[in-house]
**Q** 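Here it is: the structure, laid out below.
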Amino acid sequence: MTNLTQESKCYSAAMKMLMRREHSKLELFQKLQVKGFDVDIINDSISKLVKQNYQSDERFAEDFILMRFNQGKGPVRIVSELKMRGINTFDLSAFDWFELAKEIRQKKFGNQLSLDYEETAKQKRFLQSRGFNLDQINQAF
């Protein structure tokens with residue numbers, strides 16, 4: 001296959017992925033690599049998509065953070081997931097993580113606070129698994 005055909009197919013495959021949902025550059029790179037495209041062709045295709053504003057790590061991060069917030073995930077988990085997707089610059093300040101931790105605890109365990117140590121520990125572990133930090137967890141009680 002000629003290089004031009006390869007470039008065209010790679011670009012087209014990346015575009016189809018972006019039409020379904022936002023992707024980070026790293027996600028696109030990994031998915032295109034699995035499809036067997038050459039590294040240089042992948043990089044060229046992604047660069048072209050960025051220049052055309054079809055791919056944006058900033059837009060991806062905003063969408064991803066909002067999606068995970070709406071799923072009840074905490075900032076520790078979201079930061080970790082973003083970094084795994086190659087995103088290191090993002091802003092989490094627009095969200096009230098303390099309120100979300102409280103809402104998630106109440107939704108799962110009810111409004112009544114337990115005096116039982118083991119039950120409280122269980123609830124705190126649950127919030128920790130959701131990605132909330134210690135301050136946010138303690139504030140939820």
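All of these numbers come straight from a predicted model, not from anything done at the bench. Nothing fancy with the numbering, it's 1 onward along the sequence.
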**Q** Once rounded to the nearest 0.5 Å, what's the spacing between atom CD of E99 and atom NZ of K102?
**A**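 The NZ atom of K102 is 5.5 Å from CD of E99, to the nearest 0.5 Å.
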**Q** Could you go step by step and tell me if L28 and L18 meet the side-chain contact (heavy atoms from CB on, under 4.5 Å) rule?
**A** CA-CA 9 Å; L28 278 178; L18 289 169; 4.0 Å; yes
**Q** May I have the step-by-step check of side-chain contact (heavy atoms from CB on, under 4.5 Å) for V76 and F132, ending in yes or no?
**A** CA-CA 6 Å; V76 174; F132 293 99; over 6 Å; no
**Q** At what distance, to the nearest 0.5 angstrom, does OG1 of T89 lie from CD of E58?
**A**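 Rounded to the nearest 0.5 Å, the OG1-CD separation comes out at 9.5 Å.
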**Q** Taking a hydrophobic cluster as the set of Ile, Leu, Val, Met, Phe, Trp and Tyr residues connected by side-chain heavy atoms closer than 4.5 Å, whether directly or through intermediates, do L66 and F90 fall within one such cluster?
**A**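 In one cluster: yes.
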**Q** When rounded to the nearest 0.5 angstrom, what is the spacing between CZ in R68 and CG in L92?
**A**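 Result: 13.5 Å between the selected atoms.
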**Q** Do we see a donor-acceptor contact under 3.5 Å between the side chains of Q55 and D57?
**A**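 The answer is yes; a qualifying pair exists.
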**Q** Salt bridge check: are E81 and R77 linked by an N-O gap of less than 4.0 Å?
**A**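 Yes, E81 and R77 are salt-bridged.
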**Q** Walk me through whether K108 and E103 qualify under salt bridge (charged side-chain N to carboxylate O under 4.0 Å, His left out).
**A** CA-CA 9 Å; K108 175 88 173 170; E103 287 173 16; over 6 Å; no
**Q** Measure the spacing between CE of M17 and CD of E22 and express it to the nearest 0.5 Å.
**A**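 M17 atom CE to E22 atom CD measures 14.0 Å (nearest 0.5 Å).
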**Q** Should we say atom NZ of K31 is surrounded by more than 12 heavy atoms from elsewhere, each under 6.0 Å from it?
**A**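 Count over threshold, so yes.
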**Q** According to a hydrophobic-cluster definition based on side-chain heavy atoms being under 4.5 Å apart (Ile, Leu, Val, Met, Phe, Trp, Tyr only), do L115 and F141 belong together?
**A**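 No, L115 and F141 fall in different hydrophobic clusters.
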**Q** Would you say D63 and R21 make side-chain contact, with heavy atoms under 4.5 Å?
**A**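 They are not in side-chain contact.
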**Q** Would you say Y54 and M19 are hydrophobically clustered, going by side-chain heavy atoms of ILVMFWY under 4.5 Å?
**A**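 They do share one cluster, since a chain of ILVMFWY contacts under 4.5 Å joins Y54 to M19.
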**Q** Nearest heavy-atom pair of L127 and I137: which atoms, and what distance?
**A**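 Result for this residue pair: CB-CG1, 3.7 Å.
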**Q** Do F60 and V79 land in one hydrophobic cluster if side-chain heavy atoms of ILVMFWY residues count as linked below 4.5 Å?
**A**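 Yes, it is one cluster - the side chains of F60 and V79 are joined through contacts under 4.5 Å.
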**Q** In Å and rounded to the nearest 0.5 Å, what is the CG to NZ distance from L26 to K83?
**A**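 Reported value, rounded in 0.5 Å steps: 14.0 Å.
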**Q** Report yes or no: do R125 and Q128 form a side-chain donor-acceptor pair below 3.5 Å?
**A**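 The criterion, which ignores hydrogens and geometry beyond distance, is not satisfied for Q128 and R125.
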**Q** Taking the side chain as C-beta and beyond, is there a heavy-atom pair between F95 and L100 under 4.5 Å?
**A**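 No, too far: nothing below the 4.5 Å cut-off.
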**Q** Under 4.5 Å between any side-chain heavy atoms of R85 and L82, yes or no?
**A**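 No - every pair of side-chain heavy atoms lies 4.5 Å or more apart.
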**Q** With a 4.5 Å heavy-atom cut-off, do V50 and S56 have their side chains touching?
**A**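 Answer no - side chains too far apart.
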**Q** Looking at K73, I'd like to know if its NZ atom is crowded, meaning that more than 12 non-hydrogen atoms belonging to other residues, nucleotides or ligands lie closer than 6.0 Å.
**A**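 Check passes, neighbour count above 12.
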**Q** Taking atom CD1 of I78 and atom CD of Q71, what is their separation to the nearest 0.5 Å?
**A**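 These two atoms lie 8.5 Å from each other.
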**Q** How close do G72 and I104 get, counting heavy atoms only, and between which atoms?
**A**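 Shortest heavy-atom separation between G72 and I104 comes out as CA-CD1, 3.6 Å.
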**Q** Would you say that T5 contacts K9 through its side chain, given a criterion of any heavy-atom pair below 4.5 Å between the two side chains?
**A**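 Touching, per the 4.5 Å side-chain cut-off.
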**Q** Suppose the criterion is ring-ring contact (aromatic ring centres under 6.0 Å, His included): which pairs have a residue in residues 18-51, not counting sequence neighbours?
**A**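 Sorted result for residues 18-51: empty, none.
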**Q** Taking CD in Q52 as the centre, count heavy atoms belonging to other residues, nucleotides or ligands within less than 6.0 Å. Is the count above 12?
**A**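 Correct, the count exceeds 12.
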**Q** Before giving the answer on side-chain contact (heavy atoms from CB on, under 4.5 Å), spell out for S24 and E27 the whole-Å C-alpha distance, their side-chain angles and the decisive distance to 0.1 Å.
**A** CA-CA 5 Å; S24 69; E27 283 180 320; 3.3 Å; yes
**Q** I65 and D91: which non-hydrogen atoms are nearest, and at how many Å?
**A**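 Nearest pair, atom of I65 first, then D91: CD1-O, 4.0 Å.
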**Q** Does a side-chain heavy-atom distance below 4.5 Å link T120 with Q123?
**A**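 No, every pair of side-chain atoms sits at 4.5 Å or beyond.
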**Q** What do the steps show when you test L113 against R105 for side-chain contact (heavy atoms from CB on, under 4.5 Å), and what is the final call?
**A** CA-CA 10 Å; L113 289 175; R105 190 198 65 75; 3.3 Å; yes
**Q** For a 4.5 angstrom cut-off between non-hydrogen side-chain atoms, does W97 reach F69?
**A**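 W97 reaches F69 side chain to side chain.
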**Q** How close do S45 and E7 get, counting heavy atoms only, and between which atoms?
**A**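 Looking at all heavy atoms of both residues, the shortest contact is OG-O, 3.8 Å.
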**Q** Answer yes or no: are there more than 12 heavy-atom neighbours, outside E119 itself, under 6.0 Å from its atom CD?
**A**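 Enclosed.
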**Q** Under a plain distance cut-off of 3.5 Å, with no hydrogens placed, do D116 and S114 share a side-chain donor-acceptor pair?
**A**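 No, D116 and S114 have no side-chain donor paired with an acceptor closer than 3.5 Å.
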**Q** Please evaluate residues F109 and F126 with respect to the criterion ring pair (Phe, Tyr, Trp, His ring centres under 6.0 Å), reporting the C-alpha separation (whole Å), side-chain torsions for both, the decisive distance (0.1 Å), and the verdict.
**A** CA-CA 10 Å; F109 300 104; F126 170 75; 5.6 Å; yes
